[in-house]
Number of protein chains: 2
Amino acid sequence: MPTLPAALASRRQKTVPGGTSSRGPVTRFDRRLGQILDHATEVFCLKGYEGASMRDLSRATGMSLAGLYYYFESKERLLFLIQKHTFTTILEKLKARLEDVTDPEQRIRVFILNHLQYFMSNQQGLKVLSHEDESLKNSLGSEIAAIKREYYHICLGLMEDLRRSRGLDFNARTAALSLFGMVNWIYTWYNSRVDGNAEALAEQMGNIVLNGIVHGGKPRKKS
Amino acid sequence: MPTLPAALASRRQKTVPGGTSSRGPVTRFDRRLGQILDHATEVFCLKGYEGASMRDLSRATGMSLAGLYYYFESKERLLFLIQKHTFTTILEKLKARLEDVTDPEQRIRVFILNHLQYFMSNQQGLKVLSHEDESLKNSLGSEIAAIKREYYHICLGLMEDLRRSRGLDFNARTAALSLFGMVNWIYTWYNSRVDGNAEALAEQMGNIVLNGIVHGGKPRKKS
DNA sequence: CTATACTTGGAACGAACGTTCGAACGTATG
DNA sequence: CATACGTTCGAACGTTCGTTCCAAGTATAG
């Protein structure tokens, strides 16, 4: 090997095993990789992971086919980088927001709002994350699956907290996964001109999952 | 594994070319095509439409590559046949069930139960329908989209009926699409040993969307 | 039986796939 | 200027893709 193949995740990190919290200068490499990831996200969103070819990505980025491989070692790893960045970001934002809220019901609303707001700002990334969640195999797939599991367990915990604090009687697993379905499915139908912004939609969805449509318009005062 | 009935292909039938309506005897052609569709559904479910190759289908069906093309003219049309049959079936079952129920709330519960029961009996078909809903282009895609639109409008109508009959105040579109998300997403998580049968799950989901988790355990008596 | 239509598969087509190689470019430093 | 290294690309690799041709098989009708 003449020149070392780049694209090892953290290339020349001088320090720190900190993972994504990679402080230090944003190098030219990082910036260019970020642009490629953005374009690749759009292509994967439009044609699907399997349906998108490396030549499609070459066209979308304006970079040659071979040039792309300087930034990542395989198409699969490219999908991994996209999914990991997207999922890590939404998870971090969620954790930060939850620190400010203690009321169990409001915490569930925070979960919904966080998911929807991130969807609005990165629709394509969230679709690639949802739609291609079985496309990664082996270790790459299980690393994403681990993040998903943490995201799920947070949501499950929110449901259990609410149930406990109010002495309610419902299946937290079903509730959490139903809520997941609601918010993950919006990529198939959301239209900004019809469905309003994230806050409006989050409130409606919060009303549904918390109070149901029978009580949906006016959430009842807590006892 | 149930065999998909005929009435789908009508290639060169000896009987009249009137339409694809299910008249006429179930020919050998129809039976064989049904078997192929069953196997293809399984392969598409496992590897995705783009990820599954004609050679995978050849292996799964035990038929040669060229032999498959006697039954359908392209891989895309094969996906179309699967989706059309699945969607048509679930839609017909829904319409039949709704004829017996008049109470708006119960009609929504019928919708949920119908969807879940069909999912239990044809998980793979419903996953292929949900997951590959953007894989078909042009006329094939728009024919499936038309069925989807009818299915959606039925659900939307159920929501509006409930809202009107009870003088409620909620967004029927958001409610219908949220419910769609709930029931379409189960293919990513359903586990029969944990989540019970269709009736139990349908009741829980009905409680959530109608009464919300805050009132979920015991649906309140209607006024 | 022969004749006829329906059913199958071996072999191959051109195209597109993900990936690699080695040479050349650009730029910042000595 | 020369050196070194990070960056880019044209061209090609071997493989697999969806699809087709055509001859051979098999059931059914006369």
Side-chain angles (χ1 to χ4, degrees), chain A residues 1-8 10-14 24-37 39-40 43-44 47-81 132 135-137 140, chain B residues 6 9-15 17 24-37 39-40 43-44 47-82 132 135-138 140:
Chain A
M1 299 179 191
T3 49
L4 273 177
L8 284 182
S10 49
R11 248 166 66 82
R12 85 195 108 247
Q13 296 209 107
K14 346 187 139 178
V26 174
T27 65
R28 182 167 130 87
F29 180 90
D30 297 323
R31 239 179 299 114
R32 200 88 178 83
L33 176 59
Q35 296 171 5
I36 292 173
L37 258 51
H39 285 113
V43 175
F44 284 160
K47 315 185 72 165
Y49 170 70
E50 299 271 7
S53 71
M54 291 301 298
R55 284 157 185 85
D56 291 329
L57 300 175
S58 167
R59 207 172 304 117
T61 56
M63 178 172 285
S64 74
L65 204 46
L68 292 172
Y69 280 87
Y70 177 69
Y71 289 94
F72 47 87
E73 57 211 21
S74 70
K75 187 189 176 189
E76 192 179 16
R77 179 147 192 106
L78 173 60
L79 176 62
F80 169 79
L81 292 175
E132 311 291 351
S135 299
L136 292 176
K137 316 293 179 194
L140 297 186
Chain B
S10 109
R11 193 175 149 82
R12 18 173 178 262
Q13 292 192 338
K14 20 180 101 170
T15 54
V26 175
T27 65
R28 184 164 126 88
F29 179 90
D30 296 322
R31 238 180 299 117
R32 199 88 180 83
L33 176 59
Q35 296 171 6
I36 293 173
L37 259 51
H39 284 113
V43 175
F44 284 161
K47 315 186 71 165
Y49 170 70
E50 299 271 7
S53 71
M54 290 301 296
R55 283 158 184 86
D56 292 329
L57 300 176
S58 166
R59 208 173 303 117
T61 56
M63 179 172 284
S64 75
L65 203 47
L68 292 172
Y69 280 86
Y70 177 70
Y71 290 93
F72 47 87
E73 56 211 23
S74 69
K75 187 189 177 190
E76 191 179 18
R77 178 148 192 104
L78 173 60
L79 175 61
F80 169 78
L81 292 175
I82 292 173
E132 310 293 350
S135 299
L136 292 175
K137 315 292 178 193
N138 307 325
L140 296 186

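Each chain gets a letter, A, B and so on, in the order its sequence line appears, and its residues count up from 1.
Rounded to a whole Å, the OH atom of B/Y70 is 16 Å from the P atom of D/dT20. Here D/dT20 presents its P atom at 13 Å from CG of B/L68, a figure rounded to the nearest Å. Regarding B/M54, its CE atom lies at a distance of 18 Å from the P atom of C/dC17, rounded to whole Å. Between B/E76 atom CD and D/dC17 atom P the separation is 18 Å, expressed in whole Å. Straight-line distance from the CD atom of B/E50 to the P atom of C/dA16: 14 Å, rounded to whole Å. Spacing between atom CG of B/L79 and atom P of D/dT19 amounts to 12 Å, rounded to whole angstrom units. A straight line from CZ of B/R55 to C1' of C/dA16 spans 13 Å, rounded to a whole angstrom. The distance from atom CG of B/L57 to atom P of C/dG9 is 14 Å, rounded to the nearest whole Å.
Using a 4.5 Å heavy-atom cutoff, the side chains of B/L57 and B/H39 are not in contact. Using a 4.5 Å heavy-atom threshold, the side chains of A/T61 and A/Q35 count as separate. Using a 4.5 Å heavy-atom cutoff, the side chains of A/E132 and A/F44 are not in contact. The shortest distance between side-chain heavy atoms of A/Y70 and A/M63 does not fall below 4.5 Å.
Side-chain N/O atoms of A/S64 include none lying less than 4.0 angstrom from OP1 or OP2 on D/dT8. A/Y69 has a side-chain polar atom (N or O) that falls below the 4.0 Å cut-off from OP1 or OP2 of C/dT19. At the phosphate of C/dA16, neither OP1 nor OP2 sits under 4.0 Å from any side-chain N or O atom of A/S53. Considering only side-chain N and O atoms, B/R32 lies under 4.0 angstrom from the phosphate OP1 or OP2 of C/dT8.
Remark: aromatic rings of B/F72 and B/F80 are distant, center separation not under 6.0 Å.
Distances were taken from every side-chain heavy atom of B/A66 (C-beta onward) to each of C/dT19, D/dC9, C/dG10; the shortest belongs to C/dG10. Checking C/dC21, D/dT8, D/dG18 against every side-chain atom of A/R28, the shortest atom distance belongs to D/dT8.
Place B/L65 and B/G62 on DNA chain C by their nearest nucleotides, and B/G62 ends up nearer the 5' end.
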